[in-house]
Chemist: 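Provided herewith is a single structure, encoded as structure tokens, for subsequent inquiry.
Residue numbers run from 1 in the order of the sequence given.
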Amino acid sequence: MVAFADFHRRSIEDRDAFWSEQAQLIDWQTKPQQICDYSNPPFAKWFVGGTTNLCHNAVDRHLADRADQAALIFVSTETDQEHTYTYRDLHAEVQRMAAILKAQGVTKGDRVLIYMPMIAEAAFAMLACVRIGAIHSVVFGGFASHSLATRIEDATPKVIISADAGSRGGKVIPYKHLLDEAIRLSSHKPGKVLMVDRKLAPFTPVADRDLDYATERAQHMDTVVPCEWVESTHPSYTLYTSGTTGKPKGVQRDTAGYTVALASSIPHIYQGKPGGTFFCTSDIGWVVGHSYIIYGPLIGGMATIMYEGLPIRPDGGIWWSLVEKYKVNVMFSAPTAIRVLKKQDPALLSKYDLSSLQALFLAGEPLDEPTAKWISEGLNGKPIIDNYWQTETGWPILTICNGVEKAESKFGSPGKAVYGYNVKLVDDQTGEELTGANQKGVLTIEGPLPPGNLQTIWGDDKRFVSTYWSTVPNKLVYNTFDWAVRDEDGYFFILGRTDDVINVAGHRLGTREIEESISSHPNIAEVAVVGVADQLKGQVAMAFAIAKDTSGLTDDAARSKLEAEIMKVVDTQLGALARPARVMFVTALPKTRSGKLLRRAIQAVCEKRDPGDLTTIDDPTALTQIQDQIA
Ligand code: ATP
Ligand code: MG
């Protein structure tokens, strides 16, 4: 094993040699002539002059050695379906889907929007697009017409692939009327809509526009569709960020850089091996789903589980039963899902044989210590590995790379900077680099961003530069908009988003620090803290908390008592300055569909402003509760 520090150093100091070695993990039609062209910063071009294909690397390449091995394991506890597609089956299905698209005139560079539930056809659709060089744009199936319309407008797809319905908790959620309405709202109209009819929700096809997938597929059972070799920099897909802090940004990804980055991450970060099984519980509508339900595991020659359903239905043991049944080696989920499981009977964890599992990876939001400890104990001390990354980066920025060198995790830290990432903490006011231990700064990445990261914002190079590269004074660096500190061992701790800082009487406080302090009260399950404008102090902290046990909170006196207790906790832990002006109790907090707290919306409501873009909110009544409380 190589020492990780050397591995990382080489990836920065001897960048081209390093990535040229990683590039050997994939198949090329033409080898690249130049590893990285950074002559026009901040725009990086990786593997210039090379040609390759993402679908070839995810599917066709494995036919020689593992055609009869499981590739895609589709499990739906919503429709009680379970089906394993081998690499041979997957290859056939992807070609059929690709043939349908080609028959509709879709060619290299055309966009195809995918608005689908978590079904195997969605995977076929993604792979079929990249097979023929079309650019997919997957929109999370939980979004309604308005969100969908803005994405149709931005991506201008030639074809949309959709389905009659999704299903959640046994309840059918029809898609078709939402799609029709979105197309009506959008000024761009797709040429065709390909409908996968699951026979869950009857619908009327639109004449001359809607095509039936089963009918079309039947025409192309044996059509051969070769992979279209595309330049390394050819866009593979666009995907919108979660919209936690504002209007979602259309992240554009290349082909070769992404393929190499994922191919390299499977052994080095996830310790996945060809023939193993990867189970990522995310959704294909998110970046984690793109990279680790679909592309990463398949590029790595693994079987991947695609799961439609809740983590607690039929019971909270369902995911663990799949780990046992399919001998899952690598599991990837989100803290929010683990918090859901935490409310279930812990015996459900010990009921199954989890010996195949090597590690559980978690990403998307801060991993709080109680959740990390609970799952770590439940999994008998198997490594719980936090991943810090963004839609923009496509793969982890910070984590523990156990496949390079084994290292211990530290609670509360996602780990060290991943190879390829030249991470710098900087002072947000001066842009000065902070090199000392435990200094708080903005987490930035020095260009060029490593392979796999966004090339630009779709159709908007200007916004790419102004959003990410122009916000740190005196420096051209990529801004993650997250605060962090690095300890003496090089482990980073994420302290929250840069717009989640409040300024009380000239003192800058991270809302997350206050939230952690409040959460340490034994009766607090979850809390959101925001800064609210105050005439006297500039800003004050406001807290909205969910109590674990609400039975005693029936009157104002009881609520005031708990509020006072919480304020005392904050006083002792952080000082009176950080004490929230009010702690109010709610039963739900407004979150994005991907489980992230929408602090900006809470703040706006508290300041009686328009909460702005709420297209990605999960439960609007959570915001109404807050509105009512402060009214
Ligand atoms: P938008 O950029 O549209 O406001 P978003 O930032 O929530 O939305 P994503 O790309 O899905 O969209 O999320 C990335 C962000 O999630 C990171 O910048 C960070 O704030 C947070 N995050 C992700 N993983 C972790 C983690 N392991 N620990 C702490 N925070 C994390
Ligand atoms: Mg973001």
Chemist: Quick check for you: to the nearest 0.5 Å, what is the distance between Ile73 atom CD1 and Leu322 atom CG?
Modeler: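 Result: 9.0 Å between the selected atoms.
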Chemist: Could you tell me the separation between the CD1 atom of Ile294 and the CZ atom of Phe124, rounded to the nearest 0.5 Å?
Modeler: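 One finds 9.5 Å between CD1 of Ile294 and CZ of Phe124.
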Chemist: Closer than 4.0 angstrom, basic N to acidic O: yes or no for Lys108 and Glu231?
Modeler: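 Yes, this pair counts.
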Chemist: Would you call the rings of Phe279 and Tyr307 parallel, tilted or perpendicular, where under 30° means parallel and over 60° means perpendicular?
Modeler: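 Perpendicular: the ring planes of Phe279 and Tyr307 meet at over 60°.
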Chemist: Does a donor on one side chain sit under 3.5 Å from an acceptor on the other, for Asn453 and Tyr421?
Modeler: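 Yes, because at least one side-chain N or O of Asn453 sits under 3.5 Å from a partner of the opposite role on Tyr421.
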Chemist: Tell me whether the rings of Trp46 and Trp19 are parallel (<30°), tilted (30 to 60°) or perpendicular (>60°).
Modeler: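 It falls in the perpendicular class, over 60°.
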Chemist: Hey, what do you get for CE (Met302) to CG (Asn329), rounding to the nearest 0.5 Å?
Modeler: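 It comes to 5.5 Å.
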Chemist: Under the 3.5 angstrom rule, does the side chain of Lys192 hit a backbone N or O of Asp208 as a donor-acceptor pair?
Modeler: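 Present.
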Chemist: Just to verify, what does Thr616 make a side-chain hydrogen bond (donor to acceptor under 3.5 Å, both in side chains) with, not counting sequence neighbours?
Modeler: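 With neighbours one apart ignored, the set is empty.
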Chemist: Can Arg198 and Glu308 be counted as an ion pair, charged N to O under 4.0 angstrom?
Modeler: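 Yes, charged N to carboxylate O under 4.0 Å.
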Chemist: Is Asp460 salt-bridged to Lys249, going by a charged N under 4.0 Å from an acidic O?
Modeler: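 Lys249 and Asp460: not salt-bridged.
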Chemist: Report yes if some heavy atom in the side chain of Leu101 is under 4.5 Å from a heavy atom in the side chain of Cys129; otherwise report no.
Modeler: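 Yes - at least one pair of side-chain heavy atoms lies under 4.5 Å apart.
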Chemist: Report the distance from atom OG1 of Thr467 to atom CD of Glu392, rounding to the nearest 0.5 Å.
Modeler: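 If we round to the nearest 0.5 Å, Thr467:OG1 and Glu392:CD are 9.5 Å apart.
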Chemist: Would you say the side chain of Thr150 lies within less than 4.5 Å of the side chain of Thr615, judging by non-hydrogen atoms?
Modeler: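 No, too far: nothing below the 4.5 Å cut-off.
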Chemist: Could you go step by step and tell me if Thr86 and Asp68 meet the side chain to side chain donor-acceptor pair (under 3.5 Å) rule?
Modeler: CA-CA 5 Å; Thr86 63; Asp68 295 310; 4.9 Å; no
Chemist: Please identify which of these residues, Thr399, Val418, Leu398, meets the side chain to side chain contact (heavy atoms under 4.5 Å, CB included) condition with Tyr388.
Modeler: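 Of Thr399, Val418, Leu398, side chain to side chain contact (heavy atoms under 4.5 Å, CB included) with Tyr388 is met by Leu398 alone.
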Chemist: What's the verdict on side chain to side chain donor-acceptor pair (under 3.5 Å) for Tyr258 and Ser291, showing C-alpha distance, side-chain angles and the deciding distance?
Modeler: CA-CA 9 Å; Tyr258 186 57; Ser291 294; 2.8 Å; yes
Chemist: Between Gln252 (side chain) and Pro235 (backbone), is there a donor-acceptor pair under 3.5 Å?
Modeler: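 Judged by distance alone, no pair lies under 3.5 Å.
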Chemist: Is the Tyr292 ring parallel, tilted or perpendicular to the Tyr270 ring (thresholds 30°, 60°)?
Modeler: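 If you compare the ring of Tyr292 with that of Tyr270, the planes turn out tilted.
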Chemist: Run the salt bridge (charged side-chain N to carboxylate O under 4.0 Å, His left out) test on Asp283 and Arg593 for me, step by step, so that the C-alpha distance in whole Å, both residues' side-chain angles and the decisive distance to 0.1 Å come before the verdict.
Modeler: CA-CA 10 Å; Asp283 188 285; Arg593 295 263 182 175; over 6 Å; no
Chemist: Taking the side chain as C-beta and beyond, is there a heavy-atom pair between Gln69 and His62 under 4.5 Å?
Modeler: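 Side chain of Gln69 against side chain of His62, heavy atoms only: no contact under 4.5 Å found.
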Chemist: Starting at CE of Met306, measure out to OG of Ser76 and round the result to the nearest 0.5 Å.
Modeler: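 So the gap between those two atoms works out to 10.5 Å.
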Chemist: Evaluate the criterion side chain to side chain donor-acceptor pair (under 3.5 Å) for residue pair Ser333 and Thr281; output intermediate values, then yes/no.
Modeler: CA-CA 5 Å; Ser333 192; Thr281 71; 2.8 Å; yes
Chemist: Show your working on side chain to side chain donor-acceptor pair (under 3.5 Å) between Thr259 and Asn57 and close with a plain yes or no.
Modeler: CA-CA 8 Å; Thr259 312; Asn57 278 287; 5.2 Å; no
Chemist: Given side chain to side chain contact (heavy atoms under 4.5 Å, CB included), test Leu54 with Ile299 step by step and report yes or no.
Modeler: CA-CA 8 Å; Leu54 186 45; Ile299 290 169; 3.9 Å; yes
Chemist: Side chains of Leu148 and Leu113, heavy atoms from C-beta outward: is any pair under 4.5 Å?
Modeler: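 Sidechains of Leu113 and Leu148: in contact.
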Chemist: Between Leu298 and Leu90, is any pair of side-chain heavy atoms under 4.5 Å apart?
Modeler: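 Result yes, sub-4.5 Å side-chain heavy-atom pair found.
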Chemist: Kindly indicate, with the supporting measurements, whether the criterion ring-ring contact (aromatic ring centres under 6.0 Å, His included) is fulfilled by Trp395 and Tyr295.
Modeler: CA-CA 11 Å; Trp395 62 294; Tyr295 295 116; over 10 Å; no
Chemist: Between Val193 and Val206, is there a side-chain heavy-atom distance shorter than 4.5 Å?
Modeler: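 A side-chain contact is absent here, since even the closest heavy-atom pair is not under 4.5 Å.
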Chemist: Mind checking whether Phe18 and Tyr419 have ring centres under 6.0 Å apart?
Modeler: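 Centroid distance Phe18-Tyr419: below 6.0 Å, so yes.
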Chemist: Classify the ring geometry between His290 and Tyr237 as parallel (under 30°), tilted (30 to 60°) or perpendicular (over 60°).
Modeler: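 Tilted.
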Chemist: Step through it carefully: locate the ring centre of Phe203, locate the ring centre of Tyr175, and say whether they are under 6.0 Å apart.
Modeler: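 No - the distance between ring centres of Phe203 and Tyr175 does not fall below the 6.0 Å cut-off.
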